[in-house]
Amino acid sequence: MRYWLMKSEPTEYGIDDLARDGHVAWFGVRNYQARNFMRDEMRVGDGVLFYHSSCPEPGIAGVAEVATPAYPDATQFDPMNKYYDPKATPDKPRWFHVDVRFRYKTRLMPLAEMRTYPELANMRILARGNRLSITPVAPDEWRFILAKLGVKD
DNA sequence: GCCAACGTTGGC
DNA sequence: GCCAACGTTGGC
C-alpha cells in the first residue's frame with residue numbers, strides 16, 4: 001500500500017466535485033514523472049491526499065483512493081481536446097491515468113499549516129519550486145496528516 | 001501580476 | 001548531446 005498527493009485546481013475540479021461524483025478519471029496529466037507514478041507505481045486501494053492548488057487557500061482538502069489501474073488517456077487522441085497530443089496514437093499511447101474514488105472531505109489543511117510541522121518537512125509539496133502534480137507521500141506523513149485531520153485510515 | 005523553478009523544444 | 005530560449009506551474 002502506497003500513498004500519494006494529487007493536485008487539482010478547485011475551480012476546475014475540487015473535493016466537492018469528487019464528493020458529488022464519487023469517482024473521477026484523472027485525465028490530462030502531461031508530465032512524464034507524474035504519468036510514471038500512475039502507470040507504474042499506483043495500485044488500486046492506494047491512499048490519495050486531494051490537494052487544492054492555484055487558489056486563494058492551497059492545501060489538503062480531502063482523502064481519496066486509487067480506484068483503477070492506469071489506462072490510456074482518451075483525451076490525447078482527440079484533436080478537439082485541449083490535452084490532444086499529436087505524437088500519441090491508440091497503438092502507441094503516451095499518456096495514462098488512473099481513476100480516483102472519494103473517501104472523505106476533511107477540513108482544509110493549508111499549505112502554510114503544513115509548513116509548520118517538522119514531521120512534514122520532507123514532503124515534496126513543501127520543497128521550493130515544486131510543480132509536480134502527483135507526488136509520493138511517506139507512510140508516516142500519511143498517518144500524521146490523517147491524525148491531524150481527524151480521520152481514520 | 002510577479003517571479004522562481006523546472007520541463008520541453010529545437011538549433012547546432 | 002548540449003544548452004539557450006521558451007512555456008508552464010503555482011505560491012505569494
Side-chain angles (χ1 to χ4, degrees), chain A residues 2-21 24-42 46-67 70-138 140-142 144-149 151:
Chain A
R2 294 195 189 185
Y3 305 99
W4 308 93
L5 182 146
M6 299 173 79
K7 294 184 192 173
S8 186
E9 300 187 17
T11 54
E12 206 156 311
Y13 197 85
I15 192 68
D16 290 330
D17 298 303
L18 185 58
R20 178 196 64 221
D21 298 341
V24 69
W26 209 264
F27 63 88
V29 169
R30 294 294 181 270
N31 170 282
Y32 289 106
Q33 250 185 295
R35 177 205 68 183
N36 292 347
F37 283 141
M38 288 198 283
R39 189 191 59 187
D40 305 334
E41 300 195 37
M42 283 188 180
D46 281 2
V48 173
L49 299 172
F50 193 104
Y51 179 91
H52 284 173
S53 68
S54 294
C55 58
E57 259 204 306
I60 295 167
V63 179
E65 66 187 34
V66 175
Y71 59 96
D73 183 336
T75 64
Q76 70 192 304
F77 310 126
D78 176 5
M80 294 295 101
N81 195 284
K82 72 168 177 172
Y83 295 117
Y84 177 59
D85 183 344
K87 293 179 186 157
T89 66
D91 278 354
K92 283 206 154 193
R94 175 178 291 197
W95 305 108
F96 293 77
H97 64 76
V98 299
D99 287 7
V100 165
R101 183 184 302 121
F102 179 73
R103 273 195 204 164
Y104 323 102
K105 180 177 179 176
T106 64
R107 75 167 173 89
L108 186 80
M109 181 185 283
L111 184 59
E113 179 186 344
M114 296 174 72
R115 291 192 194 285
T116 67
Y117 300 128
E119 292 88 342
L120 304 182
N122 293 327
M123 287 187 77
R124 180 110 183 231
I125 190 84
L126 302 183
R128 245 171 85 90
N130 166 69
R131 295 187 308 161
L132 196 54
S133 65
I134 299 175
T135 48
V137 173
D140 53 348
E141 293 164 346
W142 170 267
F144 180 84
I145 291 167
L146 264 60
K148 284 286 175 193
L149 293 173
V151 297

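Keep in mind that the numbers below use all heavy atoms, side chains included, and drop hydrogens, waters and symmetry copies. Per chain, numbering begins at 1; letters A, B, ... match sequence-line order. Bear in mind that the values here come from a model prediction, so they are computed numbers and not experimental data.
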Any donor-acceptor pair under 3.5 Å linking the side chain of [X] with the backbone of [Y]?
X: Asp46(A); Y: Arg2(A); result: yes
X: Asp21(A); Y: Val24(A); result: no
X: Asp78(A); Y: Thr75(A); result: no
X: Ser54(A); Y: Glu9(A); result: no

Quiz item: Are side-chain heavy atoms of Asn122(A) and Glu141(A) found at a separation under 4.5 Å?
Solution: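 They are in side-chain contact.
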
Exercise. Can you measure from OH (Tyr84(A)) to CD (Gln76(A)) and round to the nearest 0.5 angstrom?
Key: 10.0 Å

Short N/O separations, protein against nucleotides 7-10 of chain B, under 3.5 angstrom:
unit_1, atom_1, unit_2, atom_2, d
dG7(B), O4', Arg131(A), NH2, 3.1

Quiz item: Roughly, in whole Å, what's the span from CG in Leu132(A) to C1' in dG11(C)?
Solution: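 About 16 Å, once rounded to whole Å.
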
Self-check item: Residues Glu113(A), Arg107(A): salt bridge by 4.0 Å N-O rule
Solution: yes

Quiz item: Does atom CZ of Phe144(A) have more than 12 heavy-atom neighbours, drawn from other residues, nucleotides or ligands, at distances under 6.0 Å?
Solution: yes

Output a table of nitrogen or oxygen pairs between the protein and nucleotides 4-6 of chain C separated by less than 3.5 Å.
none

